[in-house]
Amino acid sequence: MDESMKTIMMNEFLEKLNGAQNNEILLDKLEREQKNKFLNAQDNYQKAVKDSKQSTATNVNLVNITILEDIMKFHEKLTIMVTRVIQEYEDNKYKTEEKIQSHLNFINYPRSQNLMEFDPLVLDCTCEGRDDHDDIQLIWFQNNKQIHQNADIRHEREGNTFKLFVTAVFPDDSGVFSALLKSKSTNDEQLSSCSIIIQPRNKEALDPGFIQFPQSIRSMKDSKAIFNCKTSGSTPIRVGT
């Protein structure tokens, strides 16, 4: 094997080694020994090339053979190490993504409603999170303002089903109600919203109005999402997004 080929091999190994170091891979005792052995072999090789004019051809060949054996042993173990680390990284990345996706989700979403003035309001949703019951919490919002409990408003939880009770609603309560699902351990969040429309009792029915509201759905990235709705009334309407 000529000098240029040996140089190419050593550069290739050094590149892999630097890649491992740049990814903050901690070498165990055996791997550290192999690293030092390779660096010593590289020094010996450079020294052998420098002293080749004063050495016999036989001695130079023996030194080169020893160096190449050390390099090949280091290369084999380094390749195994890099392959193992990359595989562990990919496995952990997949498990982490799977864990996040599967451990914090809405199973049933809050649903939009038409109500009459003075009607009670009940919103509910079912969620899934970590096995720890106390890890997830849900916060209710009305038009981006948190809804706190009082004499007329009550929050309830049964397992992973959350409910919001309002004794009586008024036209001014119309708007967007949201449920913010949070994980205490990971700080991950999921938000689901719905519309509550409240009709005054002493006025004519809203025109136009929703008979069927669009509903929240779960969709994968880059996939299509289809929403349906039905309206009533004679006033011309324009659909926008």
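Computed from a predicted model, the values in this text were never measured in an experiment.
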Side-chain touch [X]/[Y], heavy atoms, less than 4.5 angstrom:
{"X": "Phe213", "Y": "Asn114", "value": "yes"}
{"X": "Ser195", "Y": "Phe177", "value": "no"}
{"X": "Leu180", "Y": "Leu138", "value": "no"}
{"X": "Cys125", "Y": "Asn108", "value": "no"}
{"X": "Ile197", "Y": "Leu115", "value": "no"}
{"X": "Leu181", "Y": "Leu191", "value": "no"}
{"X": "Leu123", "Y": "Trp140", "value": "yes"}
{"X": "Phe162", "Y": "Glu156", "value": "no"}

For the [atom1] atom of [X] and the [atom2] atom of [Y], what is their distance to the nearest 0.5 Å?
{"X": "Arg111", "Y": "Ser192", "atom1": "CZ", "atom2": "OG", "value": "10.5 Å"}
{"X": "Ile198", "Y": "Met116", "atom1": "CD1", "atom2": "CE", "value": "10.5 Å"}
{"X": "Gln142", "Y": "Ser174", "atom1": "CD", "atom2": "OG", "value": "9.0 Å"}
{"X": "Ile196", "Y": "Asp119", "atom1": "CD1", "atom2": "CG", "value": "11.0 Å"}

_Applying a strict under-4.5 Å side-chain criterion to I, L, V, M, F, W and Y, I'd like to know whether Ile147 and Tyr109 cluster together._
yes
Main chain of [Y], side chain of [X]: is a donor-acceptor contact present, judged purely on distance under 3.5 Å?
{"X": "Glu117", "Y": "Arg201", "answer": "yes"}
{"X": "Ser112", "Y": "Cys194", "answer": "no"}
{"X": "Asn143", "Y": "Gly175", "answer": "no"}

Heavy-atom closest pair (Asp152 atom, Asn150 atom, distance to 0.1 Å) is N-OD1, 2.8 Å
Closest non-hydrogen contact found for Lys182 with Ile139 is CD-CD1, 4.0 Å
Any side-chain donor paired with an acceptor under 3.5 Å for Ser185 and Asp135?
yes
*asked:* What I want to check is whether the side chains of Arg157 and Asn160 have a donor and an acceptor closer together than 3.5 Å.
replied: yes
Q) Would the number of heavy atoms belonging to other residues, nucleotides or ligands and lying under 6.0 Å from CD of Gln146 be above 12? A) yes
*Give a yes or no on whether Asn144 atom CG has more than 12 heavy-atom contacts from other residues, nucleotides or ligands under 6.0 Å away.*
no
